[in-house]
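Below: one structure, written as structure tokens.
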Number of protein chains: 2
Amino acid sequence: MKQIDNIKLKEQVREEFTAYLNHHKHRKTPERYAILDHIYSTKGHFDMDNLYNSMKQTHFRVSRATLYNTIELLLDCGLVVKHQFGANVSQYERAYGNENHDHLICLSCGEVKEYKNGNLFIPSQQKKLQRFKISYYSMYIYGICSKCLRAKNKEEKKTKSLENKISHTKKK
Amino acid sequence: MKQIDNIKLKEQVREEFTAYLNHHKHRKTPERYAILDHIYSTKGHFDMDNLYNSMKQTHFRVSRATLYNTIELLLDCGLVVKHQFGANVSQYERAYGNENHDHLICLSCGEVKEYKNGNLFIPSQQKKLQRFKISYYSMYIYGICSKCLRAKNKEEKKTKSLENKISHTKKK
DNA sequence: ATGTATGCAAACCATTTGCAATGAC
DNA sequence: GTCATTGCAAATGGTTTGCATACAT
């Protein structure tokens, strides 16, 4: 069932890409379709290194240069979205058939989690932006994740009990 | 009047920074305060090159290494916010006393505009994020700005009239 | 046949790092 | 006096670029 959905999705996406390539008079090379297909074969975020390595393992290896070229096209036609959370590498994510979601980024460990918001982007706000044609938006919420919070609390407890001991000793 | 406000703001910010430095047992060097002061002397976005060059022109020159060191501290204590819109350089922005706003980023010309939203971040949503302690958030809205939209429309009109002429000629 | 797209390797450039000298504590 | 911080210069590494070759049109 899900399998079938994904095949359908891939077809739709391929068509959209073809339309884009035609309209802009770009060539329809096998590399470009292979990359698109590969990106739409997995969910979640990826970076160029991920993509390069995982494609190398398939029968279709493409150069890094082509990867960068093609991702540029995919960004331009809106099939892929680019993120730059604090780290040095850019992260990418497929955009078609991908529900809009925010990103929770932990400032401590750097982990990025998706968070499906309700309908954050209220139509009334779109009105105010008449003079700006919105393609998409990204919401990044920075903070401390539960795991790091717990670790931090532990740490503080330790420090406090240590401080108490010291002041206790001093009093003596 | 505004002058005075800014002086007050700078004082508050300096105090907050001092508290942070004390708490983390970092040294209170003149460079660090000079950088903080400089950042809070101007509004809007800046990148490291901007900052470096504009500080070079004042009596207080600091090295790039120190700039990067200090900005790290300022990010950590929340006095500065970092943005990575599509370009290769990171953009920074002072965070204290700076109303929360979204960023409209033009995919065509790369211009970044601020957009003061209402209260986008509704308390009810915070509830759902109990397990994540929010420090701040960034909303990036990508699209085409009014200037580029107009340019694009013009272009398309031109192309169409040209196409018409050609098909007209062919018919003949 | 033409010229765009690919792959490779070199170049680029923002950021990071190593280390000697400085100065905050 | 001690050791964190500064400044300089070199290193790093993701991304871009130049160019010869391949191949979509």
Side-chain angles (χ1 to χ4, degrees), chain A residues 14 17-38 45-56 58-77 80-93 110, chain B residues 14 17-38 45-56 58-77 80-93 110:
Chain A
R14 223 172 301 152
F17 195 34
T18 304
Y20 170 82
L21 292 174
N22 283 333
H23 181 260
H24 288 263
K25 286 172 187 141
H26 289 140
R27 294 189 176 166
K28 294 182 276 298
T29 67
E31 285 84 2
R32 288 177 174 168
Y33 284 101
I35 294 166
L36 178 66
D37 232 62
H38 198 87
H45 302 123
F46 63 90
D47 59 38
M48 285 312 216
D49 219 50
N50 288 161
L51 188 56
Y52 179 77
N53 286 320
S54 70
M55 284 201 76
K56 199 155 69 172
T58 70
H59 68 289
F60 215 114
R61 200 205 79 110
V62 288
S63 70
R64 286 202 144 83
T66 301
L67 240 39
Y68 279 103
N69 272 337
T70 304
I71 210 93
E72 199 60 39
L73 297 176
L74 292 172
L75 286 172
D76 191 41
C77 69
V80 167
V81 164
K82 182 179 183 178
H83 296 292
Q84 285 168 291
F85 314 119
N88 44 342
V89 291
S90 294
Q91 303 265 88
Y92 301 87
E93 186 180 16
Chain B
R14 225 174 297 154
F17 194 35
T18 303
Y20 169 82
L21 292 174
N22 282 334
H23 182 259
H24 289 262
K25 285 172 188 140
H26 289 140
R27 294 189 177 165
K28 293 181 278 298
T29 67
E31 285 83 2
R32 287 177 175 168
Y33 285 101
I35 293 166
L36 178 66
D37 231 63
H38 198 87
H45 304 121
F46 62 90
D47 58 38
M48 285 311 214
D49 219 50
N50 287 161
L51 186 56
Y52 179 77
N53 287 319
S54 70
M55 283 200 77
K56 199 155 69 171
T58 70
H59 68 290
F60 216 113
R61 202 204 77 110
V62 289
S63 71
R64 286 201 144 84
T66 301
L67 240 39
Y68 279 103
N69 272 338
T70 304
I71 211 93
E72 201 59 41
L73 298 176
L74 293 172
L75 287 171
D76 191 41
C77 69
V80 167
V81 163
K82 182 179 181 177
H83 297 291
Q84 284 168 291
F85 315 118
N88 43 343
V89 290
S90 294
Q91 303 265 91
Y92 300 87
E93 186 179 16

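Letters A, B, ... mirror the listed sequences (proteins, then strands); counts begin at 1.
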> Does the ring center of B/His45 lie less than 6.0 Å from the ring center of B/Phe85?
Replying inline: yes

With the side chain of [X] defined as its heavy atoms from C-beta on, choose the nearest nucleotide among [options].
X	options	value
B/Met48	C/dT4, C/dT15, D/dG7	C/dT15
B/Thr29	C/dA5, D/dT5, D/dT15	D/dT5
B/Ser63	D/dC8, D/dT25, D/dT15	D/dC8

> Which is true for A/Lys28 with a 4.0 Å heavy-atom rule: it touches a base, it touches only sugar-phosphate, or it touches nothing?
Replying inline: sugar-phosphate

Is it the case that the side chain of [X] and the backbone of [Y] share a donor-acceptor pair, with hydrogens and angles ignored and the cut-off at 3.5 Å?
X	Y	result
A/Thr70	A/Thr66	yes
A/Asn53	A/Asp49	yes
A/Arg32	A/Arg27	yes
B/Asn22	B/Ala19	no

> Angle, rounded to 10°, between the helical axes spanning five pairs at each terminus of the helix from C/dA1-D/dT25 to C/dC25-D/dG1?
Replying inline: 40°

Whole angstrom is fine here: how far is it from [atom1] in [X] over to [atom2] in [N]?
X	N	atom1	atom2	value
B/Ile71	C/dT15	CD1	P	10 Å
A/Asp49	D/dG14	CG	P	6 Å
B/Leu51	C/dA14	CG	C1'	14 Å
B/Glu72	D/dA4	CD	C1'	17 Å
B/Arg32	C/dC25	CZ	P	10 Å
B/Phe46	C/dA14	CZ	P	16 Å
B/Gln84	C/dA14	CD	P	14 Å
A/Asn50	D/dT15	CG	C1'	16 Å

>> On DNA chain C, does the nearest nucleotide to B/Tyr92 precede the nearest nucleotide to A/Ala65 from the 5' side, or the other way round? Give the residue.
In response: A/Ala65

>> Tell me the closest heavy-atom pair linking B/Val80 and B/Leu75, and the distance in Å.
In response: O-CD2, 3.2 Å

> Taking N and O atoms by type only, does the side chain of B/Arg27 place a donor or acceptor under 3.5 Å from a partner on the base of D/dA4?
Replying inline: yes

Look at the side-chain N and O atoms of [X] and state whether any lies under 4.0 Å from the OP1 or OP2 oxygen of [N].
X	N	answer
B/Arg61	D/dC8	yes
A/Ser90	D/dG14	no
A/Tyr68	D/dT15	yes

> Going by heavy atoms in the side chains, are B/Glu93 and B/His83 under 4.5 Å from each other?
Replying inline: yes

